[in-house]
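Convention: sequence-line order gives letters A, B, ...; per-chain numbering from 1. We use all heavy atoms of the structure for the numbers below, so side chains are in, but hydrogens, waters and symmetry mates are not.
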Amino acid sequence: MNVRVRFAPSPTGSLHIGGVRTALFNWLLAKHYNGEFILRIEDTDELRSTEESTGSIFEGLKWLGIDWDEGPGIGGGFGPYTQMERLHIYREYAEKLLRKKVVYPCYCTEEELTERREKALKERIPPGYDGRCSHLSESEKRKFENEGRKSVLRFRVPQDGVTRFSDIVRGDVEFKNSSLHDFVILKSSYVPTFNFANVIDDHLMEITHVIRGDEHLSNTPRQILLYQTLGFEMPEFAHLPMILGSDGAKLSKRHGAISVQWFKKEGFLPGALLNYLALLGWGTTDSQQIFNSKEEMIEKFSLDRVGKNPAVFDMKKLEWMDGYYIRKLSIDELFELVIPYLRESNLIEGRNSREREFAKKVISLEQERLKKLSEITEFTDFFFTEDVKYDSKAVDEILRKGSVPELLESFSGKLTKVEPFDIPTVEKAAKEFINEKNLKGKDLMQPVRVAITGKKATPGLFEVMVLLGKEKVLRRINKALEMLRR
RNA sequence: GUCCCCAUCGACUAGUGGUUAGGUCAUCACUCUUUCAAGGUGAUAGCGGGGGUUCGAGUCCCCCUGGGGACACCA
């Protein structure tokens, strides 16, 4: 099957997680059929489009490994791939439509339009354009022009009949034309609107499948009308179910975590994010959760297994999945990923090899506890600094209890004599101590843990102690004791 | 308000007329254990409601309800 698909974001903000899912499904389909995945920037919103957003889209996609076969920075036989560089093309088609009289100039100003719209909304009647400029006489047009009014071009929607299409995800869908209203195809600035530019470009770029978010479903009949009057061959449509926040509403800024940059900063792995997103709206017959590689995802992907119902984004599940991906990393890989976080919080420079080796040992102890990379600093700070932060709850609950200080003091004495200071020997000493004092394991271990790490939860204590070394362990126990005496 | 779409555990989903309704996350036990995590074992939990069709309905049809989306010179 010949497949040419595109991801066509508008650069009006950073790359959104819903956009990523759309890009991913397009990309998966292209790769599955060995087709082309095209990136097209739809920057026709003159007010809100920014260079910065464009940059963040590129950056986000690259980070995720969603590469494009044609598009900005790469080129291709159907460029340019940025709509503002294609204005002459749209104008040409707009003129063609004007000559055919299927579009007409509308002289209503934006202010008038919004006013009418708001009034309609308030009166609970459908707010569409009322068609008042659709049959202006030449003299009326001239009059408006003499008043200095600018015009837009509106498409004349037939008011009878229905427009239907078959959507790969939705099945047969139909809209009554009477519910559509005449829509703008060319703004007064001669810049096309989404519905128009999108259709022209998809046709010219020979797109075979239009895969996009469900919010575009109701735009589809308008575009189909355009395809028909332009005489363009229609692509296949596939409208993806939306991604919702936990409150059931469309995922938006208000839900916080929505830009790819945020996920990157939090330390989610791109592979895990992609894996999770793939499962939002798509699944295999056996409900497979983890894909071993992108290749596996590509191989198994199919549009007809995309579901129709909207999916709620579940951060907990993403975190579980990310933890799973982190556990599969080698220590060297994890080290490279985590070092920026440690540097940023001034815990480690990571330049010399002794420091690096130490950090790797620390990381290997923490690997299975991480759900995302950014957690590394809060989990490991005590390894890298002598300025141990004591969790006040831990101190109250564990250190400030009856005979704990005496216990620590006495254990500290025992540790002094432990030689060599390695895991088996330290462990043996601790066990002996526990037996001598007739204690339970945790009666000793928890106080020691809090004393030397400041935390209630850490990796195995013997590993931690040995990695820190005898000197630091003894010093920290002493420090803790001093703190308790105060 | 009008149009359109959607409906299986709390969440993501499998299921295409006959299943003890399966899996994963989360939750809760138990287990391992020096804590947390990971691992192992198990549990709780679901077909929104009402009518049909059928020998038989989560699966097909209709209605209701609920949720969502669209209705811009934004995409």
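Backbone-only engagement by Gly281(A) is indicated by non-hydrogen atom pairs under 4.0 Å involving sugar-phosphate atoms exclusively. Heavy atoms of Met321(A) sit nowhere under 4.0 angstrom from any nucleic acid atom.
Each of U35(B), A38(B), U34(B) was ranked by its minimum atom distance to the side chain of Glu463(A); first place goes to U34(B). The side chain of Arg369(A) has A37(B) as its nearest neighbour among A37(B), C5(B), C3(B). Closest approach to the Lys317(A) side chain among G68(B), A37(B), C12(B) is made by C12(B) (side chain taken as heavy atoms from C-beta onward). Minimum atom distance to the side chain of Leu217(A) is reached by C4(B), of the listed U35(B), C4(B), G15(B). When the nucleotides A26(B), C12(B), A7(B) are ranked by their closest atom to the side chain of Asn309(A), A7(B) comes out on top.
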What are the atom names and distances for every N/O pair under 3.5 Å that joins the protein to nucleotides 62-66 of chain B?
none

Show me the protein contacts with nucleotides 70-75 of chain B, counting only N or O atoms at under 3.5 Å.
from   : atom 1 : to        : atom 2 : distance (Å)
A70(B) : OP1    : Lys250(A) : NZ     : 3.1
A70(B) : O4'    : Ser218(A) : OG     : 3.3
A70(B) : O2'    : Ser218(A) : OG     : 2.6
A72(B) : OP1    : Arg117(A) : NH1    : 2.4
A72(B) : OP2    : Arg117(A) : NH1    : 3.4
A72(B) : OP2    : Pro127(A) : O      : 3.0
C73(B) : OP2    : Arg154(A) : NH2    : 3.2
C73(B) : O2'    : Glu110(A) : OE1    : 3.4
C73(B) : O2     : Ser188(A) : N      : 2.9
C73(B) : O2     : Ser188(A) : OG     : 2.9
C73(B) : N3     : Ser188(A) : OG     : 3.1
C73(B) : N4     : Cys108(A) : O      : 3.2
C74(B) : OP2    : Lys187(A) : NZ     : 2.7
C74(B) : O2'    : Asp45(A)  : OD2    : 2.6
C74(B) : O2'    : Arg48(A)  : NH2    : 3.3
C74(B) : O2     : Arg48(A)  : NH2    : 3.4
A75(B) : OP1    : Thr44(A)  : O      : 3.1
A75(B) : OP1    : Thr44(A)  : OG1    : 2.8
A75(B) : OP1    : Asp45(A)  : N      : 3.4
A75(B) : OP1    : Lys187(A) : NZ     : 2.8
A75(B) : OP2    : Phe194(A) : N      : 3.1
A75(B) : O3'    : Glu42(A)  : OE1    : 3.0
A75(B) : O2'    : Ser10(A)  : OG     : 3.3
A75(B) : N6     : Asn219(A) : OD1    : 3.2
A75(B) : N6     : Asn219(A) : ND2    : 3.1
A75(B) : N1     : Asn219(A) : ND2    : 3.1

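Rounded to whole Å, the separation between the P atoms of U27(B) and A38(B) comes to 9 Å. With C1' as the reference atom, G42(B) and G48(B) are 30 Å apart, rounded to whole Å. Annotation: G51(B) and A57(B) have their C1' atoms spaced 14 Å apart (nearest Å). For the C1' atoms, the distance linking U41(B) with C32(B) amounts to 11 Å, nearest Å.
Residues meeting the salt bridge (Lys or Arg N to Asp or Glu O under 4.0 Å) test with Glu436(A), sequence neighbours left out: Lys414(A).
The nearest whole Å value for the distance from the CD atom in Gln367(A) to the P atom in G39(B) is 13 Å. To the nearest angstrom, C1' of A14(B) lies 13 Å from CH2 of Trp282(A). To the nearest angstrom, P of C12(B) lies 13 Å from CG of Leu251(A). Taking atom NZ of residue Lys428(A) and atom C1' of nucleotide U34(B), one finds them 19 Å apart after rounding to whole Å.
At a cut-off of 3.5 angstrom, counting only N and O atoms as typed in the model, there is no donor on one side facing an acceptor on the other between the side-chain of Arg170(A) and the base of C5(B). The base of G15(B) is not paired with the side chain of Thr285(A) by any donor and acceptor separated by under 3.5 Å.
Glu174(A) and Arg164(A) are joined by a salt bridge, as a carboxylate oxygen and a charged side-chain nitrogen come within less than 4.0 angstrom of each other.
Side-chain N or O atoms of Thr193(A) include one that pairs as donor or acceptor with a backbone N or O of Val184(A) at under 3.5 Å.
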